[in-house]
Every structure is written in C-alpha cells, then in structure tokens.
Amino acid sequence: MLEKEYYPQQIEKKWCEVWDKTNPYKVESNSSKENFYALSMLPYPSGKLHMGHVRNYTITDVIARFKSAKGFNVLHPMGWDSFGMPAENAAIQHGANPETWTLENISYMKSQLKKLGLSVDWDREVTTCLPDYYKWTQWLFLQLYKKGLAYKKTAPVNWCEKCSTVLANEQVIEGKCWRCDSEVTKKNLSQWFFKITQYSEELLKDLEKLKGWGDNVKTMQKNWIGKSQGAILKFKVKEIPDMEIPVYTTRPDTAFGITYLVVAPEYPDIEKLTSPEQKKAVEEYRENAKKLSEIERLSTQRIKTGVPLGYHFINPFTGRECPIWVADYALVDYGTGAVMAVPYHDERDFDFAKKYNLPMIQVIDGEGFVEGKCYAEHGTLVNSGQFDGLDFENAKKQITDFAVKNGFGEFKTQYRLRDWLISRQRYWGAPIPIVYCPHCGEVALEEKDLPVLLPKDVDFSVVGKSPLETSESFRYTTCPKCGAKATRDMDTMDTFVCSSWYYLRYVDAKNDKECFNRDLINRWMPVNQYVGGIEHAILHLLYSRFFIKALRDCKLLDFDEPFENLLTQGMVLKDGSKMSKSKGNTVDPDDIYKNYGADTARLFILSDSPPARDFDWTDAGVEGCYKFLCRVYRLFSKYQDKINLNYNYDIKNLDKKHENLVREVHIAIKNVTRDIENEFQFNTVISRYRELTNSIYEYIKDENTINYDVLSFALLTLLKLMSPVCVFMAEEIYSALGAKQSIHKEKWCEYDENLAKSSSITLIVQINGKIKDKIEAPQDLANKELEELAKNSAKVKEAIQDKTIVKTIVVPNKLVNIVVR
RNA sequence: GCCCUGGUGGUGGAAUCGGUAGACACGUCGGACUUAAAAUCCGAUGAGGCUAAUAACUUCGUGCCAGUUCAAGUCUGGCCCAGGGCACCA
C-alpha cells in the first residue's frame, strides 16, 4: 500500500537497506548482452560529498540505468582516489594518521553515495591508497621502467615551498601550485619522469579519433602538446672555432634579418661563450634571473633585460658577424635554449633591440608594413639575396634546404609537452619501487618484492622535507641483485599516476595474481561513457591517454585510447558563483536528503540546465522538484487500486479522449528516449515527465470517463520513464502495485511511430512569410489539399484580395506559405 | 595576442532537417478551497500600439551590422560582449 502523501525519507531508508544487502547491480563479465562501461571520475575522499559529486554521479547513474534498461550489460563502478596532500595536511594538523583520516572519510562518503541510490557494483570498489591497489601502481611503474619510459634525471623542476614537493608542468597554473596557489620556484633536483613526450605525435594525432569528445577539451590538449614545425639552424662562434650554437625557429624565412642571438641564463655552455671581460656582468645577470619567481619571469608585461656575452657568431647566410647575448626571455627547456633574433619581424626581439640599441634589418615586406615598426606577419622576402621575392612557405622550405645542404641546419618538429615529473617528496603516495645499491647502482625491485609498503614509524611534524624521510625502517633495505645494504628511493609517486589506470582495475578488481586480465580488459575497454569535470581536461585525461598507449606498447592491452565518449559536466553554482567553503555558499547533500530525499536532489540537479553547462542551485528549484514528485506520487496513491499491471486495450475501440492520452504517452516515450540518447539532455527529459504528468491530470479531471487500462498504461509508462532518475520512488511505487521484479530490471519502454504523433495537426498559413491563420487539419493530407485548405481560409482571402499569387510553398503536416505581390 | 565555448522574456532554459520563437519550470499577479494560513487545484504572464476590453486586430522582438531564402534563433560574411584554456614556446 502506498501512503496518501509522499514521505521520501521512509521510502529511501527502506530501499537503501534492501539494495545494500543484495548488491543488485553486480555485473558479470561473461554476459551474452553487449557490454557498456559507464564511468565517473573517481572522487578524492576529502570528507564529505559536495554538489559537484552529486551532479557527476547522478548523470553517470542515469546513463548506466538507461543503458541497462536498453539491454546492455552495464559496468558502473566507483572508487577512491585516496592518496594525496590533504590527508597528509590533516595528519599534521590533527595528529591523525593519513590512512585513518582517509579511510574514515571514505566510509562516510560511501554511505552518502549509497543514499544517493547509485546503481554501482560495490564489489568492484577500488581504493588507490590500499596495498592491494598500489602494489599494481608500483608494478606498472616497473613495466614502464623496463620499457625505458620511466627514467631519472637531474633537471630544473617546479618546486612548491608550501607543499615542499616538486610539481609536474601540468600542475603549475599561471606560475602557481594547483593545490595551494602559492608561487612556484625552480629547483635543480634528480627526479623520476615518465616519457610522455615519446607519444607527443600520437597523443596529438589520436585526438581526431575521439569523436565523442568535446572540441574544448581536444583543443586544450592540442594546445598543451603544442606542435610546431620549423628548423634548427646552427651558428659558428667566431671566437671559438669548433663551437656551434643551434637555435630552433619557425621563421627560417627571416634568417637574413638576424642581428643577434640570445641564450637562456641556464644555457649549459654559457660560461664557455662568455668573454673574460663580460664574465662578471654575465654571472651577476644569471644570479638575478635565478632569484626571480616563475610568475615574474614569465610575465609578458615585464621589460626585457639581458647582457652581452662578449663573443660573436657568424650568420652563414650573410656572413655578418653579430653579438651573442644572455636574456631571460629565452627559455632553457624549449627548443635548444637559444634563440636567433630578428628584431624587425618579431615583437620580443623588437622590444629587446630597441632597448639595447641593436641593429634591425628588414627582410620581409607585405601588406601593412610600416617603416620602423615591427612586422611579424608572413610576407615576401626582401634583402635576402637569392631568396628575394619568395613567399613564406617557399622561403621557409628553400632556406632550410639551403642550410641542410650546407651542413648548418635541419628540418625540425618541436612540441611544447614536457616529460611528466612523477616524484613527490611526500609520504602519502605510492612508494617508488627502486633501491640504490653501492655496488649495483639504481636497481628496480622484482614483482615478488611488491608492494613496497608505506612505513608506520613516521614523524609528520617535520618541516621542509618529506615525512617519509624520517622513517629509518623504510630507508634501509637490501639490494635485490647482490644482497648488499642498500637504500630505497624516498619519494612517492604523483597521485595522478594512481588515477591514470584505475578504470582498468575496476574491470578485474579482485585479481590478486595480476594487475588485470588482458582478455577482460579488451572486452570492457575502452570506457563507453566517461563523465567528469572540465578541470581534468589536461591533467588526468592526458596522463590516462599516455598510460594506455604506454601499456599497449608494454604488450599489456590491445587498444589505443581509454575513453570513447567524454561528457564534461559544468560546475554547480549558487548565487552566480562556484560553490565553495570560503564563499559560504555550499549546500550539504545530507541536508537535501533529510529535507527532500535523494530523488528530489537527483531530479533537481538534472533539471534546468543541460549537463555540460553550469548549473545554478536555487532553493526554490529544489522545492519545485519536490512538489513535482509529490504530485506524481499522489496520482499513484489515488489510483493504486485501479492500476492494472497487465492493462489491455484496443486503440481502435477508444474514444478521442483516450486515444489522445495514448498518443501523448507514445510521444513521451519517443521524446524521452531521444533526449537521453542525444547528448544526454536530461533537462528536457524532465520537462517531458512534467508534460506527461500534466496530460494525465487533465485526463482524470472527469472521474466518470476514465478508462483504467489507458490510465494504467500512462501511469506505468511515466513511472518507467522516471525510474532512472527517481530511483527510490519508482521502486517503491512499482513494488506497492504488486510487481514481482524491480522496476530497474524492467526493459525500457517501446513506442509505436504511428501513435507517437497527435491525431491532427495545426496547419500554419502564412502570406509572404507572416502568419495569417492556423487551421486544424488531419495528419498526412496531400500538398494539394493543404493548399486548398489554406486558400479557403477567410483570413487569407481577406489578406489577398486583388493581389496576385506568385508562388505557394507547402511543407507537409506543417505549413503553407502563399507569396503574393 | 592565439584557441575554445556561449549570448533567446524578470530568471533557468526549449525549439530535432531552414518552417507557429519562448516548450517545461522558477518568479509574479489573479481566482477557488479555508475562520485564517500552509498545502492543493484552476487561470494569466515577451515588449509596445489600437481598444471600454484581459475580445479582435496590429507592429517590434533570439548580442550588433550586412547577406542568402518564399521563410533565418538556426545558414554565410563582418563585428561586439561574456566565460574558460594557453601564452616571452622563438
């Protein structure tokens, strides 16, 4: 029996308990159905669920349920990205252990997720900070290591003082740390890298394959990879006969206009290139450059500075002798670390040359050229000897060819992408499975030695270094090769390493023999639908793509891309700005559950805005959704004794009123199905629920004329259409109506194309494109008949009078446009 | 500076293939029920003109300016604005 009114709290509590016991969404891999893998970006267990989570997981859940009803074998897993700084910070602040803090958060958030009613197979839950997971993170590190894709090198790296750890390039946002927003400096350290640059071209090229990804994400990745095509040109140093300085340029066509050359302050050979007279000035300049923060250094507003090295080079094209300078507008880690300067045709060189009074030579002419102003456009070559008159493309090619032939140049493709720095000087991460032996050097552990467990004897109160460094038990071990006393690598891996492969583990989560079974992976992957925030457009999504390509080359799997379709959901806003604790405009999901129930939360978060757009949370909106659910519930409550699960009617014997409702139901099925399949337009899906509900209310206005078979059809269809969104209410009602199985196991509704339209149409009659009349007409009249109908309209006759009809356009079932003069 | 995304009533948004602009809501206003309130139900609601009228009629209206078309929110060209990404990348 259904209550008279809707009490979501009781209903949801009851079904939560039932589902908790039975795990009804357990998925088997050996199903005869077609597989569908629906995935949400796994949460970081920060303490409590926020509305962004609710939006993300509701979207994925509705997709998973819809696909399941459509007959797919759906994998919809959930897990925890549970290594990382906040746990360590909490440990430092509250004296708790990061593991305790993390596991408590997971436990609480898991209960919140269950209250949300997700169709998750909890048997496949993955927790990245537990040894049964990070053992395999370490194992994958070893596979990359064996393939030469993991290597250690000393290089200037991004350093965050506050987090006292290094950061990957992708984690530096406008010169600041992605986590704590403090300024990042450069430090020279020996660190582990993944060779993502080996895949630059493939990562770029394969973006084209990702038809199910938005252009915004693809362009962001494209820009980040930053391919450019140009040339390396080498310049002989006049004072040192055997020495050459190579530069990278995309403008070889301007080679005749070079008047000086710039090297970065960190340029390796800079001391050799400095004359004794300039030694002091150059050293001073380099010292100063070191002190600048990344932000200051990278500011485009800053006035450029530099110092001449005292030595010179010869421009092989002109034979001219020009000075070499050091200036911090040259970057050591892009191209060759040295730049050829063509002041007349490059803004930066122009500014620099103006300031230091260096000569300029015009070598390009074209539209808009003004004497004495920088001209950076492509154009026609002048003052360039045999190359005069060539356009950009030809000049670029012929000048580079010339350099190749004469042994001082080559064609070169350059990428901006850098290798992925994965070492972190922190405790709460997966230890790097490498030891250092006095005899054997750097030694990788064997698979049987995994996992390298995180130690417990750690002092979290240390400042300025990794807490892991304080563990003596961890530091000392024996060399797996020779058995001598050895020390471990004291760094842990970037958490993004853990999250680059978690979706593979879901497929085979309980496997303790291997990381994952190759056959299973090939059957489930790639993920059919991935849902998550746009903030991972570069970081996580690029790293995951790299991982799949690397693991493919390690012969561990047989596909090229991890995520077939990607839905990047918008942010959840309140009062026009992003929900955040500091702004005090957050909404606690627990409060919504308590006051309205999870179904209302799910319904509301999908209504109003399409998933990709930002969503504005309003209290009135929640209230409105709750009222709508009450309205639906009352319908079922009122007619629960009259609803027939095995309804039966013959459309041919129905009066107009009943036929119309049947048609409305078919239209609703058609529209809801199409809106879900077409870009997951849940906001309009919910509008359809309301439309159908309104139609049903209209239908029951006259109690005496209700056909209960028709009403049953309408109500039960509405219930099934709503079931992916309002999971608790749908289940409660369906079960109270006496159904033997869960509504979530029922097939999706089918519709009849002939019934999924109204019995008549409204014919629009226009004269010269302006509406003059609307006429009710039967479906599917011939064009001639429609035209006849239109011309017989009194309003049309009135409007035409003595004017001449030039042309008549008829759109079947829609409109007639009469063109008159 | 370069790239991406978007711009529709008071608000969120809808409009599927170029064919009724504003679906469905929120808000507001009015009505029914009630001693009253809440809840619920019913109705109105783009702007302006004409009008006694909430009737009929009519003009304007999807960021701006042009264009294509019988017909443009939708297509083409040029701009403006907002949000996001990248940026001394040679």
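Order of the sequence lines fixes the chain letters, A, B, ..., with proteins taken first and strands second; residue numbering starts at 1 for each chain.
If you check residues 604-623 of chain A against RNA chain B, the residues with a heavy atom closer than 4.0 Å are A/D608, A/S609, A/P610, A/R613, A/A620, listed by number. The stretch residues 677-692 of chain A comes close to RNA chain B through A/Q681, A/N683, A/T684, A/S687, A/R690, A/E691, each having a heavy atom under 4.0 Å from the strand.
A salt bridge between A/K396 and A/E393 is absent, with no side-chain N of the basic residue lying under 4.0 Å from a carboxylate O of the acidic one. Looking at A/K218 and A/E208, no side-chain N of the basic residue comes within less than 4.0 Å of a carboxylate O on the acidic one, giving no salt bridge. Ion pair A/K670/A/E753 flagged as a salt bridge, since at least one NZ, NE, NH1 or NH2 atom sits closer than 4.0 Å to an Asp/Glu carboxylate oxygen. One finds a salt bridge joining A/R418 and A/D333 here, because a Lys/Arg side-chain nitrogen approaches an Asp/Glu carboxylate oxygen to under 4.0 Å. The existence of a salt bridge linking A/E703 and A/K638 is confirmed by a sub-4.0 Å separation between a basic side-chain nitrogen and an acidic carboxylate oxygen. The pair A/E677-A/R674 does not meet the salt-bridge criterion, since no charged nitrogen lies less than 4.0 angstrom from a carboxylate oxygen.
Distance from the side chain of A/M220 is smallest for B/rG85 among the nucleotides B/rG85, B/rC89, B/rU20. For A/T249, taking side-chain heavy atoms from C-beta onward, the closest of the listed nucleotides B/rA90, B/rU20, B/rA87 is B/rA90. Looking at the side chain of A/N223, the nearest of the listed nucleotides B/rG85, B/rC88, B/rA90 is B/rG85. You'll find that the side chain of A/K304 is closest to B/rC88, out of B/rA25, B/rU58, B/rC88. Checked against B/rA90, B/rU20, B/rA87, the side chain of A/L331 finds its nearest nucleotide in B/rA90.
Side-chain to base pairing of A/R634 with B/rC41: no donor and acceptor N or O lie closer than 3.5 Å to each other.
Distance CG (A/D351) to P (B/rC88): 15 Å, rounded to an integer number of Å. Between A/W213 atom CH2 and B/rU5 atom C1' there is a gap of 17 Å when expressed in whole angstrom units. Rounded to whole Å, atom P of B/rC24 lies 17 Å from atom OH of A/Y697. Remark: C1' of B/rA25 and CZ of A/R631 are 12 Å apart, rounded to the nearest angstrom.
Remark: A/K770 is in phosphate contact with B/rC60, judged by side-chain N or O atoms under 4.0 Å from OP1 or OP2. One finds no side-chain N or O of A/R416 lying less than 4.0 angstrom from the OP1 or OP2 phosphate oxygen of B/rA90. Here A/K814 does not reach the OP1 or OP2 of B/rC17: none of its side-chain N or O atoms lies under 4.0 Å away.
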For nucleotides 65-71 of chain B, give me every protein contact, N/O to N/O, under 3.5 Å, one pair per line with atom names.
unit_1: B/rC70; atom_1: OP1; unit_2: A/K807; atom_2: NZ; d: 3.1
unit_1: B/rC70; atom_1: O2'; unit_2: A/N817; atom_2: ND2; d: 3.3
unit_1: B/rC70; atom_1: O2; unit_2: A/N817; atom_2: ND2; d: 2.5

With the criterion being N/O to N/O and under 3.5 Å, what pairs connect the protein with nucleotides 75-80 of chain B, and how long is each?
none

I'd like a table of atom pairs between the protein and nucleotides 28-30 of chain B - only N or O on both sides, under 3.5 Å - with the distance next to each one.
none

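In this structure, the side chain of A/T336 engages the main chain of A/P246 through a donor-acceptor pair within 3.5 Å. Checking side-chain atoms of A/N817 against main-chain N and O of A/G769 turns up a donor-acceptor pair under 3.5 Å. Judged by distance alone, with hydrogens and angles left aside, the side-chain atoms of A/D614 form no donor-acceptor pair with the main-chain N or O of A/G570 at under 3.5 Å.
If you check every strand for non-hydrogen atoms under 4.0 Å, A/K578 touches nothing. Note on A/K627: only backbone sugar-phosphate atoms sit closer than 4.0 angstrom, heavy atoms only; bases stay farther off. Counting non-hydrogen atoms under 4.0 angstrom, A/R821 reaches nothing in the nucleic acid.
Using C1' as the reference atom, B/rG48 and B/rU34 are 41 Å apart when rounded to the nearest Å. Distance check on atom P: B/rG10 versus B/rC75 gives 25 Å, rounded to whole Å. Rounded to whole Å, the separation between the C1' atoms of B/rG63 and B/rU58 comes to 27 Å. Between B/rA23 and B/rU16, the two P atoms lie 15 Å apart (nearest whole Å). The separation of B/rC2 from B/rC79, taken at their P atoms, amounts to 11 Å, rounded to a whole angstrom. Here, B/rU68 and B/rC86 have their P atoms 42 Å apart, quoted to the whole Å. Atom name C1', nucleotides B/rA25 and B/rA55: the rounded distance is 29 Å, in whole Å. Comparing B/rC80 with B/rA71, their P atoms are spaced 29 Å from each other, to the whole Å.
Looking at A/Y699 and A/N660, their side chains never bring a donor and an acceptor atom within 3.5 Å of each other. A/E170 and A/Y543 are linked by a side-chain donor-acceptor pair at a separation below 3.5 angstrom, with hydrogens and angles left out of the test.
Counting heavy atoms of neighbouring residues, nucleotides and ligands inside a 6.0 Å radius, atom OH of A/Y7 does not exceed 12 of them. At most 12 non-hydrogen atoms from other residues, nucleotides or ligands lie less than 6.0 angstrom from NZ of A/K397. Atom CD of A/E410 has more than 12 heavy atoms from other residues, nucleotides or ligands within 6.0 Å.
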Contacts under 3.5 angstrom, residues 757-765 of chain A side chains, donor-acceptor by atom type, not counting sequence neighbours:
unit_1: A/S758; atom_1: OG; unit_2: A/S760; atom_2: O; d: 2.8
unit_1: A/S760; atom_1: OG; unit_2: A/E776; atom_2: OE1; d: 3.3
unit_1: A/T762; atom_1: OG1; unit_2: A/E776; atom_2: OE2; d: 3.0

Criterion salt bridge (charged side-chain N to carboxylate O under 4.0 Å, His left out) on A/D346 and A/R251, from CA distance to verdict: CA-CA 10 Å; A/D346 182 283; A/R251 293 296 304 271; over 6 Å; no
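Nucleotide B/rU11 is matched to B/rA25 when pairs are restricted to Watson-Crick or G-U wobble geometry with both distances under 3.5 angstrom. B/rC89 is unpaired under the Watson-Crick or G-U wobble criterion, no partner having all donor-acceptor distances under 3.5 Å.
For the pair A/Q414 and A/K795, both in contact range of RNA chain B, the more 5′-proximal nearest nucleotide belongs to A/K795. Summary of the strand contacts: A/N694 and A/I173 both lie near RNA chain B, and taking for each the nucleotide with the nearest heavy atom, the more 5' one is attributed to A/N694.
Ring centers of A/F604 and A/Y596: at least 6.0 Å apart, outside the cut-off. The aromatic ring centroids of A/F256 and A/Y344 lie 6.0 Å or more from each other. The aromatic ring centres of A/Y689 and A/F682 sit 6.0 Å or more apart.
For B/rG9, the base adopts the syn conformation, since its glycosidic angle falls within 90 degrees of zero. A glycosidic torsion no more than 90° from 0 defines the syn conformation, and B/rC17 adopts it.
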